Amino acid sequence: MLPTLRETVDFYGLMANKALGQNFLLDSNITDKIIRRSLAKQEISNFNNFNIIEVGPGPGGLTRSILQENPKSLTVVEMDSRCIKIMEDLRPETDSPMNIINGDALEFDIKENTSAPRQIISNLPYNVSVPLLIKWLQEIKNISAMTLMFQKEVAERIMAPTHCKDYGRVSVIAQLTCQIDKLMDLNPECFTPAPKIWSSVLLFRPLNNAINKEEIAKVEKITSLAFGQRRKMLRQSLKSLSGINEKLEKLGISSTCRAEELTPQQFLDLSRLF
Ligand code: SAM
């Protein structure tokens with residue numbers, strides 16, 4: 001029989017390491033709820049058709065909830081070597097094959113190291129949540145769904161509509177590639193240690209459009225320039241791009257617009273002219 005999560009944390013003396021963005025979920029009611037809401041939204045009853053990748057399992061609360069849903073396999077990628085033994089203790093408790101990687105998720109090649117169909121699930125380390133999201137969105141064709149926890153203000157940026165102050169580069173890339181649904185908000189007391197801010201869990205499901213990695217890279221470049229000077233008109237913020245005024249005109253976009261007025265599709269259309 002498995003010890004409780006608190007017993008596990010005490011046994012291994014797992015003090016949270018701030019540099020690794022560690023805020024642990026030690027209440028199985030909460031981790032079970034995250035997984036149940038994700039399954040319900042996807043209209044599936046468990047994970048038995050999916051190879052799951054969990055980034056940053058930590059002491060394993062979310063990991064236990066994932067394993068209850070019988071994934072085809074589970075790959076955990078964890079930077080903190082203190083958590084690897086905890087993962088090894090879970091292995092005999094499950095019928096799902098577990099692959100335990102002690103490494104940096106930013107360096108982890110999911111296509112090379114796991115099989116499709118895949119889903120990514122993570123209570124993300126907040127210090128690398130956006131770089132990880134962008135990395136996965138660039139290869140979203142290889143991923144069936146992602147259930148990810150962010151700081152609430154980051155989740156709001158991801159879901160922000162045009163004309164909103166939170167709308168920016170990450171909103172454009174995420175909304176161009178995925179349908180995004182908020183599954184729940186979590187108050188700081190759900191975590192150990194409690195952070196200062198609320199968190200939100202989002203479900204990302206790839207849209208059926210054919211945006212490739214190169215196109216996403218171009219959109220990233222244009223949105224970085226445009227939102228880097230978000231108060232400026234596009235003719236100013238994008239002036240380093242050759243023929244920008246003609247290209248905007250071709251698309252019927254006024255060069256006096258500001259970045260937050262362009263929809264994700266308009267950013268894609270513009271990037272396709274370069
Ligand atoms: N999943 C656990 C939970 O919900 O209690 C822990 C979540 S904690 C917010 C983030 C986890 O990601 C930590 O265990 C941390 O060590 C790990 N981590 C931080 N940076 C990482 C990286 N670059 N690659 C893989 N894991 C990382």
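Treat the numbers as computed from the prediction; the structure is a model and nothing was measured.
A donor-acceptor pair under 3.5 Å is formed between the side chain of R82 and the backbone N or O of M15. A donor-acceptor pair under 3.5 Å is absent between the side-chain atoms of R235 and the main chain of T256, judged by distance alone. Judged purely by atom type and a 3.5 angstrom limit, E78 uses its side chain to pair as donor or acceptor with the backbone of G58.
Hydrophobic clustering of Ile, Leu, Val, Met, Phe, Trp and Tyr side chains at less than 4.5 Å, counting indirect connections, unites I140 with I180. Neither L20 nor F191 shares a network with the other; the hydrophobic side chains, linked directly or stepwise wherever heavy atoms of I, L, V, M, F, W or Y lie under 4.5 Å apart, form separate groups for each.
Exactly one residue among I52, N48, I44, N46 makes a side chain to side chain contact (heavy atoms under 4.5 Å, CB included) with E69. That residue is N46.
Salt bridge annotation for E139-K213: absent, with no cationic side-chain nitrogen under 4.0 angstrom from a carboxylate oxygen. For the pair E156 and K152, the salt-bridge criterion is met [side-chain N within less than 4.0 Å of a carboxylate O].
Side-chain contact check for Q265 and D269: at least one donor-acceptor pair (N or O, by modelled atom type) lies under 3.5 Å. No side-chain N or O of S81 forms a donor-acceptor pair with one of N102 less than 3.5 Å apart.
Looking at F11 and P59, their side chains never come closer than 4.5 Å, going by heavy atoms from C-beta outward.
Partners of F47 under the ring-ring contact (aromatic ring centres under 6.0 Å, His included) rule, at least two apart in sequence or in another chain, do not exist in this structure.
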Side chain to side chain donor-acceptor pair (under 3.5 Å) between Q138 and E220: does it pass, once the steps are laid out?
CA-CA 10 Å; Q138 284 172 342; E220 272 199 88; 2.7 Å; yes
